[in-house]
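Residue numbering restarts at 1 for every chain, and letters A, B, ... go by the order of the sequence lines.
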Amino acid sequence: MQALEIERPPRSEAELLERASALAGRTLGELAQALAITIPEDPRRSKGLAGRLLERALAADAHGAPEPDFRQLGIELKSIPLDRRGRPRESTFVCSIRLADMETAYWESSRVRRKLARVLWVPIESAPDLPLPNRRIGAARIWSPSPEQERILREDWETLVGHIACGEFENLTAHRGRYLQIRPKAAHAGIRERAHDEAGAPTATLPRGFYLRARFTAGLFGDS
DNA sequence: TATTGATCATAT
DNA sequence: ATATGATCAATA
């Protein structure tokens with residue numbers, strides 16, 4: 001694979017999809033080499049690397065901001081690990097949650113809705129015994145939630161955010177939500193973030209994030 | 001073995 | 001400290 005120069009961000013959805021499609025069939029090892037990035041031996045130390053390689057290769061321009069990866073296009077980039085049956089091996093992180101702000105949050109202006117409005121899914125071949133450098137990039141596809149999907153995403157979001165707004169952090173387990181769920185999102189279980197308790201008084205709890213259940217994303221990749 | 005809760009890397 | 005990129009690993 002030729003060395004990849006860091007290109008300008010794509011100017012259109014078609015151009016983005018074209019660039020992503022050109023990566024299909026390549027391995028992450030080839031991509032890493034073209035970008036002059038070393039893949040760590042220890043899998044624990046390469047979490048998130050597939051996504052970061054794709055961001056670099058496709059010239060995503062959000063650079064860590066809480067916005068879609070391609071800001072001008074409003075398109076979010078998501079890699080998704082698929083097993084040999086074509087099913088997602090993991091849930092998909094969507095965004096972190098500002099726990100103290102949820103009393104005044106609305107679905108219409110939520111980060112979840114903005115990020116999921118338009119997504120470029122890039123499948124990554126994945127199996128426990130397949131080393132990261134050997135995993136192949138699959139055929140990218142653009143997706144937006146159907147009206148029915150968005151209705152349920154919204155229901156989940158409003159229910160989950162409702163619990164946060166009421167300070168009911170005991171109810172914030174990953175068991176809740178049909179498509180969306182809330183799970184810890186922190187360096188370790190001892191981290192705390194400012195929030196409000198049931199009485200509205202300042203408190204602190206484990207930082208959380210929104211995730212899409214694998215059961216949901218499985219439906220986006222045909223063979224469910 | 002599917003799911004939940006915990007964790008690892010990088011950048012601002 | 002908070003955001004991004006996720007997957008690891010213990011549990012049910």
Please say whether the positively charged group of A:Arg11, taken as NZ for Lys or CZ for Arg, lies over the ring of A:Phe70, i.e. under 6.0 angstrom from the six-membered ring centre and within 45 degrees of the axis.
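Geometry flag: not set, cation outside 6.0 Å or 45°.
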Name the nucleic acid region contacted by [X], choosing base, sugar-phosphate or nothing; use a 4.0 angstrom heavy-atom cut-off, strictly under.
X	result
A:Arg89	nothing
A:Ser79	sugar-phosphate
A:Pro184	base
A:Glu67	nothing
A:Pro43	sugar-phosphate
A:Glu193	nothing
A:Ala65	sugar-phosphate
A:Gly51	sugar-phosphate

Is there a side-chain polar atom (N or O) of A:Lys47 under 4.0 Å from OP1 or OP2 of B:dT7?
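A:Lys47 to B:dT7 OP1/OP2: no side-chain N or O under 4.0 Å.
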Between atom [atom1] in [X] and atom [atom2] in [N], what is the gap in whole Å?
X	N	atom1	atom2	result
A:Ile80	C:dT7	CD1	P	9 Å
A:Asp69	C:dA6	CG	C1'	12 Å
A:Arg98	C:dA1	CZ	C1'	10 Å
A:Leu53	C:dA6	CG	P	10 Å
A:Glu170	B:dT4	CD	P	17 Å

Trace of the salt bridge (charged side-chain N to carboxylate O under 4.0 Å, His left out) decision for A:Glu108 with A:Arg154
CA-CA 9 Å; A:Glu108 283 75 11; A:Arg154 176 183 188 146; 2.9 Å; yes
Select from A:Gly48 and A:His63 the residue whose nearest nucleotide in DNA chain B is closer to the 5' end of that strand.
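With A:Gly48 and A:His63 compared, the 5'-side residue is A:Gly48.
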Both A:Gly190 and A:Glu90 contact DNA chain B. Which one's nearest nucleotide lies toward the 5' end?
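Here A:Glu90 is the residue nearer the 5' end.
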Is the side chain of A:Glu158 donor-acceptor paired with the backbone N or O of A:Glu155 at a distance under 3.5 Å, no angle test?
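No: the side chain of A:Glu158 does not pair with the backbone of A:Glu155.
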Test your reading of the model: is there a side-chain donor-acceptor pair from A:Asp156 to the backbone of A:Arg178, 3.5 Å cut-off?
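Yes; judged by distance alone, with no hydrogens or angles, the pair exists.
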Earlier contact from the 5' end, DNA chain C, for A:Tyr211 and A:Ile191:
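Final value for this comparison: A:Ile191.
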Residue A:Leu206, side-chain atoms from C-beta onward, closest of B:dA6, C:dA3, B:dG5:
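The answer is B:dA6.
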Among B:dT4, C:dT4, B:dT10, which nucleotide has an atom closest to any side-chain atom of A:Arg52?
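So the nucleotide nearest the side chain must be B:dT10.
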Quiz item: A:Lys185 side-chain donor-acceptor pair to B:dG5 base, under 3.5 Å
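Result: no qualifying N/O pair found.
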Flag the pair A:Met1 / A:Leu31 as yes when at least one side-chain heavy-atom distance between them is below 4.5 Å, and no otherwise.
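SC-SC contact between A:Met1 and A:Leu31 confirmed.
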Just to be sure I understand the geometry, which residues of residues 109-120 of chain A put a non-hydrogen atom under 4.0 Å away from DNA chain C?
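Heavy-atom cutoff 4.0 Å gives A:Arg111, A:Lys115.
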Salt bridge or not between A:Glu15 and A:Arg19? Use side-chain N to carboxylate O under 4.0 Å.
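A:Arg19 and A:Glu15: salt-bridged.
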Just how far is it from atom OH of A:Tyr179 to atom CG of A:Leu116, taken to the nearest 0.5 Å?
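So the gap between those two atoms works out to 13.0 Å.
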